[in-house]
Amino acid sequence: MPELPEVENTVRDLKPLLVGRRVLDVRILWPRLVHGKSPEAFAVELTGRQIVNTDRRGKYLLFPLDNGCTWVVHLRMTGQLHVVPAQAEVERYVHAVLDLDNGQQLRYRDARKFGRFYLVDEPESVIGKLGPEPLSESFTPLELFNRLQGRRTAIKTLLLDQRVVAGLGNIYADEALFRAGIDPRRPAGTLTQADCNRLHTAIRQTLATAIREGGSSLGGSALTNYRRPTGVQGSFQRRHQVYHLAGHPCPVCGAPIERIKLGQRSTHFCPRCQLYEPLGAESS
DNA sequence: ACCACAACCTGGCCGC
DNA sequence: TGCGGCCAGGTTGTGG
C-alpha cells in the first residue's frame with residue numbers, strides 16, 4: 001500500500017501527536033513484527049524513551065529517541081499507524097500497542113503482517129542501501145542517468161528498486177513513466193539524458209502532487225485501503241492516469257490503456273504515448 | 001547483473 | 001453459500 005507520498009503524510013500527521021511524548025509501555029502482539037532483536041528486548045529498550053522527532057527515508061518511518069537510538073518502521077503493504085485514546089477498543093489486526101504519556105496509544109495495525117519494526121543505534125543499518133531521495137536536491141537528472149547506465153533491465157523494474165531511487169512503488173512508477181512518455185519495458189540503459197530529464201521531472205511532479213493530495217487510497221476495505229493516521233483517505237487516486245485503468249482511454253490520446261506484467265508486477269501504460277522503437281527493430 | 005519464483009500473510013473479488 | 005483461483009500499493013532470499 002504505502003509508497004513515499006503515503007508515508008510522508010503519515011509522518012507529517014504523526015509529528016504533532018508524537019514529538020515530545022514519552023513511551024510508558026510497549027506490547028508486541030505479533031512477535032515477528034520485530035526484526036533485529038527479540039520482541040522482549042525491543043519492548044524493554046523502547047519503554048521509557050521520549051520520541052524526539054518523526055522523519056522519513058524512502059518508505060521507512062524514522063522515530064529518533066532521546067537516547068540516540070531510532071525506532072524504524074516499514075509499513076510494507078497494509079501497515080497503518082494510529083493514535084487513539086487508550087480506552088478505545090483495540091481493533092482487529094492490531095499487532096503492537098505503545099502507551100504514551102498523555103493517555104493516548106500509538107497502535108500498529110496490519111492485516112497482512114508484512115510490516116517491520118526495528119530499534120537500532122544507527123538508522124543507516126536499516127536504510128543504508130537506499131538510493132537518493134527523489135525530492136531532495138541531491139537527486140538530479142544526471143544522477144538518474146548515471147544510475148541507469150549499462151542496465152538492461154526494464155526501466156519500470158529499476159524504478160521499483162529502492163537502491164536506484166527511494167520511495168517509488170507500483171503506482172507512482174507507472175504514473176511517472178506515463179507522464180514522461182517512456183515505455184516501461186524499455187531497457188533502462190537506453191534512456192537518453194533528455195529522457196532522464198523528463199523522467200526526473202515526472203517523478204518529482206507525480207510525488208509532490210500525490211503528497212499534496214494526501215496520497216492514494218485504493219480498494220474498498222479499510223484493511224487494505226490507505227488511511228492517514230487521522231483516518232482520512234487520500235485523493236490522488238482521482239488523478240491516476242494509467243494505474244488500475246486498463247482498458248480505459250488514455251487521457252491524452254484516447255488509446256486503450258494496456259496492462260502487462262513486468263518483473264512480476266502489474267504495469268499500466270499507454271501503448272501510443274509511451275511508444276518506443278528500439279534501434280534496428282523496424283520490421284516490414 | 002539479471003531473471004524467475006517462492007515466501008512472508010490475509011482479504012476481496014470473480015466465476016462457477 | 002461455498003470453493004477455487006486470482007488479485008493486491010513491498011521486500012527478501014534462493015537458485016539458475
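These values consider heavy atoms only, across backbone and side chains, with no hydrogens, waters or symmetry-generated copies. The chains referred to below are lettered A, B, ... by the order of the sequence lines, with proteins before strands, and numbering in each begins at 1.
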Interatomic distance, A:His244 NE2 vs B:dC13 P [rounded to whole Å]: 13 Å
Using 4.0 Å as the upper bound for N to carboxylate O, is an ion pair formed by A:Asp195 and A:Arg186? yes
Its dot-bracket string being built from Watson-Crick and G-U pairs below 3.5 Å, with | for another strand and [ ] for crossing, DNA chain C has the pattern .|||||||.|||||||
Counting any heavy atom closer than 4.0 Å, what does A:Arg163 reach on the DNA or RNA strands: base, sugar-phosphate only, or nothing? nothing
Counting the atoms with a prime plus P, OP1 and OP2 as sugar-phosphate, which does A:Tyr172 contact under 4.0 Å by heavy atoms, base, sugar-phosphate, or nothing? nothing
Short of 4.0 Å, heavy atom to strand atom, which residues of residues 126-135 of chain A count as contacting DNA chain C? none
With a 3.5 Å cut-off and sequence neighbours excluded, list the donor-acceptor pairs that the side chains of residues 42-52 of chain A form with protein atoms.
from    : atom 1 : to      : atom 2 : distance (Å)
A:Glu45 : OE1    : A:Lys37 : NZ     : 2.6
A:Thr47 : OG1    : A:Ala43 : O      : 2.6
A:Arg49 : NE     : A:Asp66 : OD1    : 2.6
A:Gln50 : NE2    : A:Gly20 : O      : 2.9

Run through the side-chain heavy atoms of Ile, Leu, Val, Met, Phe, Trp and Tyr, join any pair under 4.5 Å, and report what else lands in A:Leu29's cluster. A:Val90, A:Val94, A:Val97
Could you identify which residues cluster with A:Ile257, counting Ile, Leu, Val, Met, Phe, Trp and Tyr as linked when any side-chain heavy atoms lie under 4.5 Å apart, either directly or through a chain of such contacts? A:Phe178, A:Val242, A:Val252
Under 4.0 angstrom between [X] side-chain N/O and [N] OP1 or OP2:
| X | N | answer |
| --- | --- | --- |
| A:Ser266 | C:dC6 | no |
| A:His74 | C:dT11 | yes |
| A:Arg32 | B:dC8 | no |

Residues in side chain to side chain donor-acceptor pair (under 3.5 Å) with A:Gln274, at least two apart? none
When you compare the protein's N or O atoms with those of nucleotides 1-5 of chain B, which come within less than 3.5 Å of each other, and at what distance?
from  : atom 1 : to       : atom 2 : distance (Å)
B:dC2 : OP1    : A:Arg151 : NE     : 3.1
B:dC2 : OP1    : A:Arg152 : N      : 3.1
B:dC2 : OP2    : A:Arg151 : NE     : 2.3
B:dC2 : OP2    : A:Arg151 : NH2    : 2.3
B:dC2 : O5'    : A:Thr153 : OG1    : 3.4
B:dC3 : OP2    : A:Thr153 : OG1    : 2.9

Assert: residue with more 5' nearest nucleotide on DNA chain C, out of A:Arg112 and A:Arg116, is A:Arg112
Sequence neighbours excluded, which residues qualify as side chain to side chain contact (heavy atoms under 4.5 Å, CB included) partners of A:Pro271? A:Glu258, A:Phe269
Any residue meeting side chain to side chain contact (heavy atoms under 4.5 Å, CB included) with A:Ser217, in chain and number order, not counting sequence neighbours: A:Asn225, A:Tyr226, A:Gln233, A:Gln237
If we count only N and O atoms by modelled type, under 3.5 Å, do the side chains of A:Asp110 and A:His95 hold a donor and an acceptor together? no
List the atom pairs, with distances to 0.1 Å, where a side-chain N or O of residues 117-131 of chain A and a protein N or O form a donor-acceptor pair under 3.5 Å, not counting sequence neighbours.
from     : atom 1 : to       : atom 2 : distance (Å)
A:Ser125 : OG     : A:Glu122 : O      : 2.7

Ring centroids of A:Phe114 and C:dT11 base under 5.5 Å with planes under 30°: no
Tell me whether A:Tyr226 and C:dG9 count as stacked here, given that the ring centres must be under 5.5 Å apart and the planes must differ by less than 30 degrees. no
By ring-ring contact (aromatic ring centres under 6.0 Å, His included) - contacts of A:Phe139 (at least two apart): A:His200
Sequence neighbours excluded - side chain to side chain donor-acceptor pair (under 3.5 Å) pairs with any residue from residues 243-252 of chain A: none
